[in-house]
Amino acid sequence: MIAGREDRVTPVDHARLLADRIPGASLTEVAHAAHLVTVERPASVLAALRCHLDGFGETGDTTSPGDDGSRYAAGLAVRRTVLGDAHVDRAIATTTEFTSVFQDFITRYAWGEIWTRPGLSRATRRCMTLTAMIANGHQEEFAMHIRAALRDGITPAEIQEVLLQSAIYCGVPAANTAFTIANRIMAENGD
């Protein structure tokens, strides 16, 4: 299943319901696309279709792509959807021989193995990622994921709730820093 995040005719929730009930199905949510996702975001749709058509593991396990090539293709598609083409293109352009192993690793495993799993919605994964960035003090990554979350339709009010929840479980100083960073980014975006 491929669904545009802004699709009001066939919302992502409907596509997720279908994907959850069809054996072996998965759902790819495409940011900044509505009902005509193939017209609005053809590169994202093509990447998702290629990943699907490349097939999954021989064991019949369809929770994640089965080989490194499929995992990489799926990961790159999700990474582009979550972080945006500009960010991914910058990361790829600045890859060196030394960092290429790490870029391959995070694309295959963080994005291709974990972010493609059907068990959690993309929004839930985003909120969990924000919390992890706060808890571990990864401020640059936190800022990147705040920008991506806002682009992807997570509201400032939802981000505020994540930050308040994080104050309890990650500590007030960490949440204070997160509020400062998020506030700056929202002001830059006009949110």
Side-chain angles (χ1 to χ4, degrees), residues 1-2 5 19 24-33 41-154 159 162 166 169-170 174 177-178 181-182 184-185:
M1 304 289 308
I2 300 173
R5 281 255 168 79
S26 63
L27 172 63
T28 298
E29 298 176 30
V30 179
H32 310 295
R41 303 288 289 188
S44 295
V45 171
L46 180 60
L49 287 172
R50 281 185 173 152
C51 174
H52 178 75
L53 294 173
D54 281 345
F56 292 105
E58 303 281 327
T59 63
D61 173 15
T62 57
T63 58
S64 62
D67 62 69
D68 282 346
S70 295
R71 211 177 350 260
Y72 185 88
L76 191 58
V78 171
R79 191 175 180 192
R80 287 186 178 285
T81 299
V82 171
L83 299 177
D85 289 332
H87 172 82
V88 175
D89 290 342
R90 276 192 309 275
I92 291 170
T94 59
T95 299
T96 66
E97 185 178 339
F98 181 71
T99 63
S100 65
V101 174
F102 181 70
Q103 287 296 320
D104 179 65
F105 170 76
I106 62 173
T107 301
R108 281 184 295 121
Y109 290 100
W111 298 106
E113 183 75 26
I114 301 303
W115 279 78
T116 60
R117 292 183 59 78
L120 296 172
S121 71
R122 188 74 44 83
T124 299
R125 289 187 194 282
R126 281 199 180 283
C127 293
M128 291 172 66
T129 301
L130 291 174
T131 302
M133 297 298 109
I134 293 167
N136 291 298
H138 299 302
Q139 296 167 5
E140 287 183 31
E141 290 278 317
F142 175 75
M144 176 187 67
H145 281 281
I146 286 288
R147 286 184 185 94
L150 290 167
R151 259 195 329 271
D152 201 27
I154 303 293
I159 291 170
V162 169
S166 297
Y169 292 97
C170 302
T177 300
I181 293 167
R184 176 179 42 83
I185 291 167

Closest heavy-atom contact between Leu83 and His145? CD2-CE1, 3.9 Å

Where Ala91 and Gln103 come nearest, the two heavy atoms and their spacing: CB-OE1, 4.1 Å

Answer yes or no: is there a side-chain heavy-atom contact under 4.5 Å between Thr129 and Glu141? no

Residue pairs passing the ring-ring contact (aromatic ring centres under 6.0 Å, His included) test where at least one lies in residues 77-106, sequence neighbours excluded: Phe105-Tyr109

Inter-residue atom distance Arg41.CZ - Asp85.CG, 0.5 Å rounding: 5.5 Å

Hits for salt bridge (Lys or Arg N to Asp or Glu O under 4.0 Å) against Arg147, two or more places apart or cross-chain, chain-then-number order -> Glu188

Are any side-chain N or O atoms of Arg126 and backbone N or O atoms of Val82, one a donor and one an acceptor, separated by less than 3.5 Å? yes

Using 0.5 Å steps for rounding, measure from the CZ atom of Arg80 to the OG1 atom of Thr107. 9.5 Å

dist Ile92:CD1 -> Thr99:OG1 (nearest 0.5 Å) comes out at 11.0 Å

Quick note, salt bridge (charged side-chain N to carboxylate O under 4.0 Å, His left out) partners involving residues 95-106, not counting sequence neighbours, are Asp104-Arg108

Taking C-beta and beyond as the side chain, do Trp115 and Thr81 meet within less than 4.5 Å on heavy atoms? no

Using atom types as modelled and distance alone, determine if a side-chain donor or acceptor of Thr116 lies under 3.5 Å from a backbone N or O of Gly112. yes

Within the 4.5 Å heavy-atom criterion, are Met133 and Met144 side-chain neighbours or not? no

From Cys170 atom SG to Ile134 atom CD1, the distance as rounded to the nearest 0.5 Å: 6.0 Å

CD1/Ile146 to CD1/Ile181 distance, rounded to the nearest 0.5 angstrom? 8.5 Å

Is any side-chain heavy atom of Trp111 closer than 4.5 Å to a side-chain heavy atom of Leu76? no

Reported CD-to-OG1 distance for the pair Gln139 and Thr177, which is rounded to 0.5 angstrom: 5.5 Å

